[in-house]
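See below for the structure under consideration.
Throughout, protein chains are lettered first and strands after them, A, B, ... in sequence-line order, and every chain is numbered starting at 1. Hydrogens, waters and symmetry mates are skipped; everything else that's a heavy atom, side chains included, is used.
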Amino acid sequence: MVTAILNPLVQEVLDLIGIFAFALSGALLAVRKRFDVVGIVVLAEVTALGGGVFRDLVIGAVPPVAFTDIAYFTTPLIASVVVFFWHPRLAWIRRFVLFFDAIGLGVFCVAGSIKALNFGMHPLAAIALGAATAIGGGAIRDVLAGEVPALLHPESEIYAVPALLGSGLVALLAVTGALTPVTSAFAALLAIVVRLLALRFGWRAPLARGGASL
Amino acid sequence: MVTAILNPLVQEVLDLIGIFAFALSGALLAVRKRFDVVGIVVLAEVTALGGGVFRDLVIGAVPPVAFTDIAYFTTPLIASVVVFFWHPRLAWIRRFVLFFDAIGLGVFCVAGSIKALNFGMHPLAAIALGAATAIGGGAIRDVLAGEVPALLHPESEIYAVPALLGSGLVALLAVTGALTPVTSAFAALLAIVVRLLALRFGWRAPLARGGASL
Amino acid sequence: MVTAILNPLVQEVLDLIGIFAFALSGALLAVRKRFDVVGIVVLAEVTALGGGVFRDLVIGAVPPVAFTDIAYFTTPLIASVVVFFWHPRLAWIRRFVLFFDAIGLGVFCVAGSIKALNFGMHPLAAIALGAATAIGGGAIRDVLAGEVPALLHPESEIYAVPALLGSGLVALLAVTGALTPVTSAFAALLAIVVRLLALRFGWRAPLARGGASL
């Protein structure tokens, strides 16, 4: 029904960049928590693939692509090895993790919503599933590590909002018949830029007023 | 095979009341935790829809109704807006949340077990899935908020027990061929009344003896 | 495609031993946490069946066997009753829980990877799903109880590694055409023995160097 975001090879390369960045963030959190090598691999895999597995189960794309495309599955292993052996030298890399993570966020929210539309989901459901693809893995990572998911509380820059903008634009483009590889790439770029601006300028989501009084 | 709990319109209205009440409880917990607006919406959606999504994935009703009936999906958004803007004036509403939540509990455990039976599940599995529909969303809400699910520990009044009574009665009625709209409405009422009595009189589930000695 | 681990009856008996041991570990943790009887039953069920439900959802074996074979479902109930009424006398049993748990680990990782292969999964995915079957329930148990999953951190003896050895050997045997009831029983035994040796000699997984500096 709707078109792919870009040609399949470019799509796969972008996906793997996103997976690698998400896996790095999982593995680095595991090191910070002093988890062992098993914890590093588990958090890397779960962060990188959790959102997509949830989306695929919901839309009925079973088995999930994470278990059928071996590149999806092995990329987090590579990220784990990198972090395990070289993480003290990764100070310079860690500065780039948030950058790669933003790329993953953009690619995943767009690819996730397009896949949901391809499986016949309603545009509103596709928006939710695109965002869930992008933010789900990080939420599971945080729960496993014993932390409240960063996306829920206001100490973190907005994360779900750029994902919703990206998947929302995809749904709008699909409904209006304007979804092409170029426009969907633009939707991914929108999510990426908003996330990077949020990091740069400390944009946070608002709290309800007077929460403390409850 | 088995009949619906009531006519479809009444069923949908009851479902949406339950979803709205569950979403309120999620959104209010998010405010108490000082989560931002994203956290409010996420907890509202997850609390209201989590149990049903789990049930639908298990019985193979894919995509889950939460992603196909847009009213299911947007109702928690409305609850989030209400809580975000007016929660300090909600002191009087919060007193009713537990009441609406009890209605949601009753409707969900009955509707969940009927749907499971309709998909050919064994009556014992239908009891478990009916209860899971009713209690699953709240459990995920608590885990995401960094708390031990209320239903597990004895500081909360019984919650799973009324759900099991409701879905258990549905299974019994189905096995004996006595499941009708009227009797299934009675099963929902049973769960609701037991829950409200538990709240009124502080009924709690027993602990195993001597747990501290372990 | 591939053969069952043993004849179906032996398989079922071993499965139920594993389920009973896993359920005991969940119920005993619930008692230690001073959860009530609902918490005991929920943790017993989730620990015993969580990994298998995840595997079945991923490979499309819906409804999961945990909801279709009533013995799978009722065994954790029996374990809950045992723990609820007799846990203070279970001091001698608790010494055996880790032993039974190791048997469960071995049976589940092998049975899980064989089932994944039977559903046409890639051998690498089957390794992951076999291990997930064995370790998934315990991870959910720990998250629900408000603890970081034991398998992630180095205070626990290795748990995922023996599971990966067992499911890895199954995949190797399947690829080389050597998977028979006898060889798959040997794979289960390998996982069990490595786990028991890890407990006996305190084998732990390595940490990445310098984790504290992050």
Side-chain angles (χ1 to χ4, degrees), chain B residues 53-62 64 113 115-117 119-132 135-136 138-140 142-164 198 203-214, chain C residues 26-46 49-50 52-54 56-58 60-74 76-77 80-91 93-94 97 140-148:
Chain B
V53 168
F54 173 74
R55 174 205 59 209
D56 286 352
L57 292 179
V58 163
I59 64 176
V62 174
S113 51
K115 188 165 185 180
L117 290 165
F119 273 74
M121 305 297 291
H122 186 283
L124 281 179
I127 294 174
L129 286 169
I135 70 183
I140 305 174
D142 293 345
V143 166
L144 284 177
E147 305 200 332
V148 170
L151 75 115
L152 298 179
H153 58 66
E155 282 90 70
S156 319
E157 288 81 9
I158 49 168
Y159 195 82
V161 173
L164 286 167
W203 292 346
R204 283 165 167 80
L207 277 80
R209 215 168 277 228
S213 69
L214 281 179
Chain C
L28 287 168
L29 178 63
V31 171
R32 212 152 50 218
K33 288 270 174 180
R34 301 198 60 77
F35 292 165
D36 58 29
V37 62
V38 172
I40 291 171
V41 171
V42 168
L43 279 205
E45 292 282 357
V46 156
L49 306 177
V53 168
F54 174 74
D56 287 351
L57 291 179
V58 163
V62 174
V65 64
F67 290 93
T68 56
D69 184 333
I70 292 307
Y72 281 61
F73 184 76
T74 47
L77 289 180
S80 301
V81 169
V82 169
V83 167
F84 185 78
F85 285 109
W86 295 289
H87 75 89
R89 303 183 199 162
L90 292 185
I93 278 195
R94 253 171 293 138
V97 165
I140 305 174
R141 172 198 65 206
D142 292 345
V143 166
L144 285 177
E147 304 201 332
V148 171

Interface check, chain C: of B:A116, B:A160, B:P154, B:A125, most non-hydrogen pairs under 4.5 Å belong to B:P154
Are B:H122 and C:I70 close enough that some pair of their side-chain heavy atoms sits under 4.5 Å apart? yes
Highest number of heavy-atom pairs under 4.5 Å with chain C among B:A139, B:P149, B:P206 belongs to B:P206
Under a 4.5 Å heavy-atom cut-off, does chain C meet the side chain of B:L151, its backbone, both or neither? both
Quick one: does B:V143's side chain get under 4.5 Å of C:V143's, heavy atoms only? yes
Search all heavy atoms of B:A208 against all heavy atoms of C:V31 and return the closest pair with its distance. CB-CG2, 4.1 Å
For the candidates C:P64, C:G60, C:G146, which exhibits the highest count of non-hydrogen atom pairs separated by less than 4.5 Å from chain B? C:P64
Yes or no on side-chain contact (heavy atoms from CB on, under 4.5 Å) for B:I158 and C:V38, after CA distance, side-chain angles and deciding distance? CA-CA 9 Å; B:I158 49 168; C:V38 172; 5.6 Å; no
Rounded distance [0.5 Å steps], CZ in C:F67 versus CG in B:L124: 12.0 Å
Which heavy-atom pair separates B:V148 from C:A145 by the least distance, and what is that distance? CG2-O, 3.8 Å
